[in-house]
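Each remark here refers to the structure printed beneath this line.
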Amino acid sequence: MALLEISQIRKTYATGEVALRGVDISLNGEEVVAVLGLSGSGKSTLLRCINRLVEPDSGTVMLDGVNITKLNKSALRKARRNMGMIFQEFNLVERLTVLENVLSGTLGSSGTLRSIFRAFKPEDVKRGMALCARVGIIDHIRKRADQLSGGQRQRVGIARALMQRPKILLVDEPTSSLDPKIGAEVMDLMSSISKEDGIPMLISVHDVQLAKKYSDRIVGLQNGLKIFDDRTATVDSESLDRIYDMAS
Ligand SMILES: Nc1ncnc2c1ncn2[C@@H]1O[C@H](COP(=O)(O)OP(=O)(O)OP(=O)(O)O)[C@@H](O)[C@H]1O
Ligand SMILES: [Mg+2]
């Protein structure tokens with residue numbers, strides 16, 4: 001069985017907006033799968049349905065044999081540790097330091113009280129610092145998150161996700177708030193971490209070139225439906241063009 005198995009996920013928001021119309025994706029260990037689609041095609045909704053930040057209306061998500069869609073609140077909290085999420089808007093806690101933001105990746109395991117008193121375990125602090133060094137922000141660990149540049153902020157987001165020791169990384173347009181050069185550095189960093197640590201990534205992008213450069217497989221999403229699912233090396237330009245037909 002695949003590490004991640006998404007079947008027939010549907011989501012209509014309370015506004016009546018239909019975001020997903022029955023999407024299937026399966027992802028095996030150690031691969032990078034890009035979800036490619038225009039704005040509004042449902043990419044963020046899909047990624048958020050996997051860890052139930054958005055509750056899907058129907059369908060199932062299996063991660064490493066666990067049916068995520070069936071879990072109660074406390075079991076879900078535990079299961080979410082296995083899914084490291086990296087966001088377009090970084091989602092850092094602005095008034096906390098870099099290191100505190102990274103360490104908040106252990107929240108699931110150390111409980112809320114511990115985090116309120118910021119009494120992180122010494123071994124977690126050590127690991128958090130090592131991760132800060134790895135993603136290139138060790139010189140900034142005592143700065144508040146709101147004092148960082150966009151690229152530095154996303155590096156904090158990456159370190160925070162890794163802090164959880166995730167089985168998979170769910171990455172939602174990680175570079176669209178960054179200029180192209182910094183975006184490329186962030187993509188290179190995530191890509192090398194994914195390969196070195198053998199952590200698969202599901203990453204949403206709206207840029208074909210990014211999808212082609214960094215993924216092993218591309219899933220095309222259009223208007224809440226999967227319209228192709230091909231190895232990146234063999235995906236044909238017609239499929240890619242179809243995604244953008246909607247725009248014209
Ligand atoms: N919280 C919400 N309430 C109502 N409708 C929503 C909500 N979030 C998203 N939608 C709608 O669902 C559809 C899919 O949105 P989604 O954000 O998943 O797309 P996306 O592919 O991530 O777009 P983008 O590239 O702009 O981030 C859109 O029509 C959007 O307007
Ligand atoms: Mg989005």
Side-chain angles (χ1 to χ4, degrees), residues 4 6-27 32-61 63 68-69 76 80 83-92 150-151 153-154 156-158 160-161 166 168-180 182-184 186-187 190-191 200-215 217-230 232 235 239-248:
L4 177 72
I6 304 169
S7 326
Q8 284 303 301
I9 288 289
R10 294 173 187 273
K11 177 66 186 179
T12 301
Y13 285 102
T15 53
E17 200 93 46
V18 185
L20 298 174
R21 303 168 195 268
V23 174
D24 301 322
I25 297 178
S26 84
L27 188 150
V32 176
V33 176
V35 177
L36 180 68
L38 290 177
S39 181
S41 57
K43 304 181 297 294
S44 298
T45 305
L46 178 66
L47 286 171
R48 286 162 181 266
C49 279
I50 295 171
N51 58 12
R52 289 172 57 194
L53 287 177
V54 166
E55 201 64 62
D57 297 329
S58 59
T60 52
V61 174
L63 179 69
I68 301 294
T69 27
L76 176 61
R80 275 185 180 152
M83 306 180 249
M85 183 114 189
I86 297 170
F87 301 89
Q88 174 176 355
E89 300 297 341
F90 320 125
N91 292 24
L92 304 181
R153 289 158 72 77
Q154 194 55 296
V156 176
I158 295 166
R160 177 181 58 187
I168 185 169
L169 289 169
L170 305 173
V171 189
D172 193 10
E173 299 212 49
T175 64
S176 34
S177 304
L178 305 173
D179 70 47
I182 302 296
V186 163
M187 287 298 301
M190 286 192 307
S191 168
M201 281 203 288
L202 187 62
I203 178 165
S204 82
V205 287
H206 64 258
D207 182 309
V208 174
Q209 296 315 320
L210 276 187
K212 276 181 154 175
K213 180 162 182 203
Y214 291 100
S215 70
R217 182 151 63 92
I218 304 180
V219 171
L221 204 61
Q222 188 179 73
N223 198 13
L225 276 176
K226 185 167 95 169
I227 59 166
F228 65 87
D229 187 339
D230 291 313
T232 305
V235 66
S239 296
L240 295 172
D241 289 345
R242 264 176 75 203
I243 291 260
Y244 292 93
D245 283 348
M246 284 283 284
S248 54

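Counting starts at 1 for both ligands and their atoms, following the listed order. This chain uses plain numbering: 1 for the first residue, then up along the sequence.
When only non-hydrogen protein atoms are considered, atom 17 (O) of ligand 1 lies nearest to S44 CB, 3.9 Å.
Counting heavy atoms closer than 4.0 Å to ligand 1, residue E17 contributes side-chain atoms (C-beta onward) but none from N, CA, C or O. The residue H206 has no part lying near ligand 1, judged by heavy-atom distances below 4.0 Å.
Between the K11 side chain and the T45 main chain, no donor and acceptor come within less than 3.5 Å of each other. Without hydrogens or angle criteria, N51 side chain to R80 main chain gives no donor-acceptor distance under 3.5 Å. In terms of modelled atom types and a separation under 3.5 Å, the side chain of Q154 and the main chain of L178 share no donor-acceptor contact. Here the side chain of R52 pairs no donor or acceptor atom with the backbone of L76 at under 3.5 angstrom.
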Apply the test salt bridge (Lys or Arg N to Asp or Glu O under 4.0 Å) to residues K43 and D172: give CA-CA distance (whole Å), side-chain angles for both, the deciding distance (0.1 Å), then the verdict. CA-CA 8 Å; K43 304 181 297 294; D172 193 10; over 6 Å; no
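Considering backbone and side-chain atoms alike, G40 places an N or O below 3.5 Å from some N or O of ligand 1. The shortest N or O to N or O distance between Q88 and ligand 1 is not below 3.5 Å. The shortest N or O to N or O distance between G42 and ligand 1 is under 3.5 Å.
Remark: distances from the non-hydrogen atoms of S41 to ligand 1 include one below 4.0 Å.
Of the options G224, S39, A14, the smallest heavy-atom separation from atom 24 (P) of ligand 1 is shown by S39.
Ligand 1 places these atoms under 4.0 Å from at least one heavy atom of T15: 4 (C), 5 (N). Residue L38 approaches ligand 1 through these ligand atoms, each under 4.0 Å from one of its heavy atoms: 21 (O). Of all the atoms in ligand 1, the ones that sit under 4.0 Å from a non-hydrogen atom of A19 are 12 (O), 13 (C), 14 (C).
The one candidate from L53, I86, L202 that meets the side-chain contact (heavy atoms from CB on, under 4.5 Å) condition with L47 is L202.
Each protein N, O or S atom less than 2.8 Å from the Mg ion (ligand 2) was counted, giving 1.
With respect to the salt-bridge test (charged N to carboxylate O, under 4.0 angstrom), the residues D24 and K226 do not qualify.
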